[in-house]
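To start, the structure itself, in structure tokens.
Lettering of chains follows the sequences in order, A, B, ..., and the numbering in each one begins at 1. These numbers were taken from a predicted model, which means no experiment stands behind them. Note: hydrogens, waters and symmetry copies are ignored here, and every other heavy atom, side chains too, is used.
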Amino acid sequence: MSKVLDERLESEYKYGFYTDIETEEFPKGLNEDIVRLISQKKNEPQWLLDYRLKAYRHWCTLSAPDWQYCRVPELDLQDLYYYAKPKQKKKYDSLDDVDPELLETFEKLGIPLAEQKRITGVAVDAVFDSVSLGTTHQEELEKVGVIFCSISEAVEKYPELVKQYFGSVVPYTDNYFAALNAAVFSDGSFAYIPPGVKCPLDLSTYFRINAMNTGQFERTLVLADKNSSVNYLEGCTAPQRDENQLHAAVVELVALDDAEIRYSTVQNWYAGDKEGQGGIYNFVTKRGMCKGRNSQISWTQVEAGSAITWKYPSCVLLGDNSTGSFYSVALTNNKMQADTGTKMIHIGKNTRSTIISKGISAHESENVYRGLVKIMPSATGAKNYSECDSMLVGDRAGAITFPYIDVKNPTASVEHEASTSKISADQIFYLQSRGLDRDQAVSLIVNGFCKDVFKTLPLEFSVEAVKLIEMKLENSVG
Amino acid sequence: MLAIENLSTTVDQNTILNSLNLKIKKGEVHAIMGPNGSGKSTLSKVITGHPAYEITGGKILYHTNQGEIDLSELEADERAKNGIFLSFQYPVEIPGISNYSFLKECYFNLCQSQGIKAPSEEDFKDLILSKMKILQMSEKILERNVNEGFSGGEKKKNEILQLLLLNPKLAILDETDSGLDIDALKIVADGINQFRNKHNSVLLITHYQRLLNYVKPNFIHVLQSGKIVKSGGFELAQELESKGYDWIEN
């Protein structure tokens, strides 16, 4: 996999291609009829339609948030398609029946789906625009009772599980984009790990936005039952276009007693060109609930794409002794803007959380860390450690840190460390005098800066992350 | 090997080197001595290509397999790829990068640029360990981040380790003796002597004679106000040590 990825990542934005395939789209714009149409198209049960409608009506009462430290141009949400799916004659029985052109698309992205070429050790759910094309390795997972499929399939086959947990971590009332997503979400991935099972494969969702003027609104729900564990990986790309596109996903994780979920994202959406034209608006709500005792959830993200990133993968530490972690590298270049961070909500006793955030800003980009650590009165003995480091590359970029700390229990201990640094000319000269060129020198220094985060990624992903960061920082030091 | 002709440089508009001339041949060891602020460190950085120093006149000619080139046209990394090495007076820290992966990256990168087949990881490890043995370094230093928290002696030994590993044609050693106790000084000098051969050259920059007692130079030059004011053999160092730099001025 890494070799394929190496080649993929060698030049500027290699994923910028467009797959010319006929798509089935609903009319542009958003109203109750569109919501009903989506639900109907997917043969959804009444409860889900009702849920969507409630969310839609709630959303109508909200206005877009304006508190983030980004210049977000006004979004005309009526000018978007809310449903786009590649035309197909019948439902696919297996992934091998998928349109060859689509399979080729994923192969070009380094994610071969065809049976004989699949990546070993990773099961992939491939989401193309609004639909999941299929999920690899399903038989292998079934043997140990792991369910991994599209959320639409889960609604049909496992209604009780979905009904119980869907929206339980991120309710539609949570925020503007979560409400929008709940109303119009089209597909996404669902995973359930039964009690006592260590998932034998890494599970992975790969998101691809292809169609024009389409919003992608997918939902991911991962449930780890008692004493189970799973690694979940997420990757994303989109074609290179002059228009901006909206991605407003919701990811919910639930860990029961003694369960562990590790969720890693390498985000490489198209970020726009040098002048800031085009690119994805990535407004995502990700949250994990440590529901059970001793449960653990960790988020690792490498954010290197999107014109605007606005996301805070968070943990609600409800179970006693539960642990939440957030490891993040957010890199911005050109005119990208990122307002990202996390929330750690301590409710249970002796809950612990760790935040390691590394922001790198190059060119004229703005990189904001925003984090909340909240210790509720019930969280006796809670502990948090936060470290937020920013690195500036060049002299036109900005880095800002907004830590919010709210402690309501006197036995809690909260630590916050922050630093801002610049790559020094002496460091670069030192490495150059050993024969490394400027780009190699910068990437070595940046890799060292990000090491604490990269080491938490699965190997394949960390190789990809390193390459991605190197590519993004090429020629960034004048 | 190296011919510096009428070299003048400025940094932040201050003239540091003023029409300096210096010729170093293959197999020779030269020492530059001089008081603080005479331009010794500047000379080392100009030869190796630090971007802060602007060359306002003269040339730095360097002999390569492809003939003579003017170094001032090359970036620092290209000079390194052509076999020029600087041992830093103040080695720089690179947080988060282990010394081992740093050494490996530098070594493999040079192999690649010089069209030499890179060794296997195992052979490379053996190579490093054999060089570390010469310098009596503990293996633990490979796991630590580059120069981070190193003692003064460890830093200087680590520079000489890179010298032995990267095996350049021209080694410029900027005050490698400063901050070393007498035992470490001998070990480091031993390392430099192991490096010396009839195909390469060394330029030692130092305040004191003590390193020169262990690494015997062929020529000694005294640098003052950006110019070489006196050149001679080893006896010049002894004379300087007893009479001080003022002796030259008068």
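- Side chain of A/Gln427 to main chain of B/Glu93: a donor-acceptor pair is present (N/O by atom type, distance under 3.5 Å, no hydrogens or angles).
- Per-residue counts of heavy-atom pairs under 4.5 Å with chain A were compared for B/Ile94, B/Leu110, B/Ile84, B/Val146; the largest is that of B/Ile94.
- When the shell of 6.0 Å around CD of B/Glu68 is examined, it contains more than 12 heavy atoms from other residues, nucleotides or ligands.
- Using a 4.5 Å cut-off between heavy atoms, B/Thr48 touches chain A through backbone and side chain atoms alike.
- Using a 4.5 Å cut-off between heavy atoms, B/Pro168 makes no contact with chain A at all.
- For B/Glu139, the CD atom is loosely surrounded, since the number of other residues' heavy atoms within 6.0 Å does not exceed 12.
- Although no hydrogens or angles enter the test, the distance criterion places no donor-acceptor pair under 3.5 Å between the side chain of A/Arg434 and the main chain of B/Glu105.
- The two residues A/Gly435 and B/Ala80 have their closest heavy-atom pair at N-CB, 3.4 Å.
- Expressed to the nearest 0.5 Å, how far NZ of A/Lys451 lies from OG of B/Ser98 amounts to 6.0 Å.
- Residue contact with chain A, scored on non-hydrogen atoms closer than 4.5 Å, is absent for B/Asn82.
- Within 6.0 Å of atom CG in B/Asp12, 12 or fewer heavy atoms from other residues, nucleotides or ligands are found, so the atom counts as exposed in its surroundings.
- Ring pair B/Phe88/A/Tyr430 is perpendicular by interplanar angle, where above 60° counts as perpendicular and below 30° as parallel.
- Counted within 6.0 Å of CZ on B/Phe124, heavy atoms from surrounding residues, nucleotides or ligands total more than 12; the atom is thus considered enclosed.
- The distance from atom CZ of B/Phe102 to atom CG of A/Leu431, rounded to the nearest 0.5 Å, is 6.0 Å.
- Taking all atoms of both residues into account, the shortest heavy-atom contact from B/Pro51 to A/Phe429 is CD-CD1, 4.2 Å.
- Of the residues considered (A/Asp437, A/Leu436, A/Asn447), A/Leu436 shows the highest number of contacts with chain B, using heavy-atom pairs under 4.5 Å.
- Among B/Gln162, B/Lys81, B/Arg79, the residue with the largest count of heavy-atom pairs under 4.5 Å with chain A is B/Gln162.
- Annotation: maximal heavy-atom pairing with chain A below 4.5 Å, among B/Leu86, B/Asn145, B/Ile97, occurs at B/Ile97.
- Only the side chain of B/Leu166 comes within contact range of chain A, with at least one heavy atom under 4.5 Å from a heavy atom of that chain.
- In the displayed structure, B/Gln114 atom CD is contacted under 6.0 Å by more than 12 heavy atoms of other residues, nucleotides or ligands.
- Using a 4.5 Å heavy-atom cutoff, the side chains of A/Phe449 and B/Pro95 are not in contact.
- Side-chain atoms of B/Asp77 do not come within 3.5 Å of backbone N or O of A/Ser433 as any donor-acceptor pair.
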